[in-house]
Participant: 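Before we start, here is the structure in question, set down as structure tokens.
The structure displayed is predicted, hence computed values, not measured ones.
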Amino acid sequence: MSTPDWNGFQLSGYILPDIALENVLASVPIKEILKLRQVCQVWRDITLRRTFWKIVFERNGMDWESVPLHIKEREKSWIAFYVACKDRIFQRSFILNHSGHQQFDHWQKLQNGGNGIIVETPPVCIEPLPSEAKYSGQIDSAFVYSYDWSVLQQKVILKDIGLTKEVMRTIMPFQFVATQMIGTRWDCGGSFCVVLGLLDGRGEALSFTMSDIIIPAGENWLESTCSLNVIDEFDRFDDVKSFVILICGKDTQYWAGHYGTKCSRIAVNLKCLSPMEAESVTPHSKYVTNPQNAHIFLGNFWQSLLPRRSMGRCPYSRTPRY
């Protein structure tokens, strides 16, 4: 057909208007949308429209407003829309088994000091966990630490969660934001540290950030936050493969048993930074401002983050009190 208005879709002898065609194509399963772009130039152009993606979001029960406005206005915004629908990158946490309700599935014990890390369901000698939780429902369990440092690690392959390099360049700058509920027993304080990092294909840290806190005895569930800024890493690093979260804890009294920090409802989500927000943050480097703090909180594990830089033994390794 050579009609100028031909858009590749004819019904009962009539050419379907673009607005109607947009609604029809928006009914295609999300994973098939990329195939629409290969049919003809008109269909390809339709998949670039925000109006088309707004319909896709609504029909799949997703919040169109979850995509930041400045991302919607970018030249290749359709890439972000597609991955937001397919992999829910703006509406989910990337962490599995966030509270130990599946014991230690998906977590690796890099260090298991003292009497080792355990899971309590429900956590003892502390108030119940808050009933409202964005990513973790009503699960009532927690990882509980002992008198010496223990370190749990969860590694997430970026392409497995939809964050290919093309996608990350489209939404950059952004942050990986880690949140977790932490608390202590009424009779013992705790030390807690969380590390977020980007790893290359060999598992070595390209950049990371660390946040630590001393928690007094009897602290009934506070939310701890740590953010890793991704400003221009994917222009500088060709081998970014994964991000990693490390959850580290111990008690402050060196008592035998499990008196240490309790950690639950661990989440890592993605936050896009507006141009104004991006001006107020800087890219994270491979070294923290005060390496001695990392040495104290992470002990020998520090060497695995910086494999060419030995930091020695942790000065907090002591004999427990009985």
Participant: Hey, what do you get for CD1 (I215) to CG (D251), rounding to the nearest 0.5 Å?
Facilitator: 11.0 Å
Participant: May I ask you to decide if G190's main-chain N or O and R185's side chain share a donor-acceptor pair within less than 3.5 Å?
Facilitator: no
Participant: Can you tell me how far the CD atom of Q180 sits from the OG atom of S211, to the nearest 0.5 Å?
Facilitator: 8.0 Å
Participant: Taking all heavy atoms of W107 and all of L96, pick out the closest pair and write down the distance.
Facilitator: NE1-O, 3.6 Å
Participant: Assigning hydrophobic clusters by single linkage (Ile, Leu, Val, Met, Phe, Trp, Tyr; side-chain heavy-atom cutoff under 4.5 Å), is L36 placed with V56?
Facilitator: yes
Participant: Can you tell if the side chain of T184 reaches within under 4.5 Å of the side chain of Y259, non-hydrogen atoms only?
Facilitator: no
Participant: Taking the side chain as every heavy atom from C-beta outward, state whether V67 and W53 have any pair of such atoms under 4.5 Å apart.
Facilitator: no
Participant: Would a 4.5 Å heavy-atom cut-off, applied to side chains only, mark V177 and T225 as touching?
Facilitator: yes
Participant: Counting C-beta onward and ignoring hydrogens, is there a side-chain heavy-atom pair between V230 and M168 closer than 4.5 Å?
Facilitator: no
Participant: Between K54 and R49, is a side chain to side chain contact (heavy atoms under 4.5 Å, CB included) present by the stated rule, with each step listed?
Facilitator: CA-CA 9 Å; K54 185 174 186 294; R49 299 176 187 173; over 6 Å; no
Participant: Between Y145 and S150, what is the shortest heavy-atom contact and its length?
Facilitator: CE2-O, 3.3 Å
Participant: Is a side-chain donor or acceptor of S264 paired with a backbone partner of S141 at a separation under 3.5 angstrom?
Facilitator: yes
Participant: For residues A278 and L273, report the shortest heavy-atom separation together with the two atoms involved.
Facilitator: N-CB, 4.2 Å
Participant: Quick one: OG1 on T252 to OH on Y147, what's the gap to the nearest 0.5 Å?
Facilitator: 15.0 Å
Participant: I'd like to know if the side chain of E223 reaches the main chain of T179, judged simply by a donor and an acceptor atom lying under 3.5 Å from each other, with no hydrogens or angles considered.
Facilitator: no
Participant: Taking the side chain as every heavy atom from C-beta outward, state whether D148 and S146 have any atom pair closer than 4.5 Å.
Facilitator: no
Participant: Please report the closest heavy-atom contact between R59 and N23, naming both atoms and the distance.
Facilitator: NH1-O, 2.6 Å
Participant: Do Q103 and N97 make a side-chain contact, defined as non-hydrogen atoms from C-beta onward lying under 4.5 Å apart?
Facilitator: no
Participant: If you look only at distance, which donor and acceptor atoms sit under 3.5 Å apart when one is on a side chain in residues 74-84 and the other is two or more places apart or in another chain?
Facilitator:
unit_1, atom_1, unit_2, atom_2, d
R74, NH1, T170, O, 2.6
R74, NH1, M172, O, 2.9
R74, NH2, M172, O, 3.2
S77, OG, K72, O, 3.4
S77, OG, R74, O, 3.2

Participant: Do the side chains of I182 and L129 join up, straight or via other hydrophobic residues, at under 4.5 Å, putting them in one cluster?
Facilitator: no
Participant: Is the closest side-chain heavy-atom distance between E277 and Q175 below 4.5 Å?
Facilitator: no
Participant: Please report the C-alpha distance between H258 and V124 in whole Å, then the side-chain angles of each, then the deciding distance to 0.1 Å, and finally whether the side chain to side chain contact (heavy atoms under 4.5 Å, CB included) criterion is met.
Facilitator: CA-CA 10 Å; H258 295 86; V124 301; over 6 Å; no
Participant: Roughly how far apart are R265 CZ and S93 OG, rounded to 0.5 Å?
Facilitator: 13.0 Å
Participant: Is the backbone N or O of V268 less than 3.5 Å from a side-chain atom of H98, with the two atoms forming a donor-acceptor pair by type?
Facilitator: no
Participant: Do W221 and W186 share a hydrophobic cluster (ILVMFWY, side-chain heavy atoms under 4.5 Å, transitive)?
Facilitator: no
Participant: Any donor and acceptor pair, going by atom type alone, linking the side chain of N115 with main-chain N or O of A256 inside 3.5 Å?
Facilitator: no
Participant: Mind checking whether F104 and I266 sit in one hydrophobic cluster, side chains of I, L, V, M, F, W, Y counted as touching below 4.5 Å?
Facilitator: yes
Participant: For the OG atom of S207 and the CZ atom of F243, what is their distance to the nearest 0.5 Å?
Facilitator: 12.5 Å
Participant: Any side-chain heavy atom of L25 within less than 4.5 Å of one from T47?
Facilitator: no
Participant: Start with the C-alpha distance between L48 and R37, add both sets of side-chain angles, then the distance that settles side chain to side chain contact (heavy atoms under 4.5 Å, CB included), and finish with yes or no.
Facilitator: CA-CA 9 Å; L48 298 178; R37 296 172 51 81; 3.4 Å; yes
Participant: What about L163 and M62, same hydrophobic cluster or not, with Ile/Leu/Val/Met/Phe/Trp/Tyr joined at side-chain heavy-atom distances under 4.5 Å?
Facilitator: yes
Participant: Under a 3.5 Å distance rule, please check whether D212 uses its side chain to pair with a backbone N or O of S191 as donor and acceptor.
Facilitator: no
Participant: Where do L196 and F208 land on the side chain to side chain contact (heavy atoms under 4.5 Å, CB included) test, with the steps shown first?
Facilitator: CA-CA 5 Å; L196 285 176; F208 64 86; over 6 Å; no
Participant: Is it true that atom CD of E166 has more than 12 heavy atoms of other residues, nucleotides or ligands lying nearer than 6.0 Å?
Facilitator: no
Participant: Check for a donor-acceptor pair, side chain of S99 on one end and backbone N or O of A142 on the other, with a separation under 3.5 Å.
Facilitator: no
Participant: Any side-chain to backbone donor/acceptor pair from N112 onto I117? Under 3.5 Å, distance only.
Facilitator: yes
Participant: May I ask you to list the residues sharing a hydrophobic cluster with V144, side-chain cutoff 4.5 Å, ordered by chain and number?
Facilitator: I118
Participant: About how many Å separate CG of L69 and SG of C272, when rounded to the nearest 0.5 Å?
Facilitator: 12.0 Å
Participant: Closest heavy-atom contact between L110 and Q153?
Facilitator: CD1-OE1, 3.4 Å
Participant: Please report the closest heavy-atom contact between W255 and C188, naming both atoms and the distance.
Facilitator: CZ3-CB, 4.1 Å
Participant: For K109, check side-chain hydrogen bond (donor to acceptor under 3.5 Å, both in side chains) against everything at least two apart and list the hits.
Facilitator: none
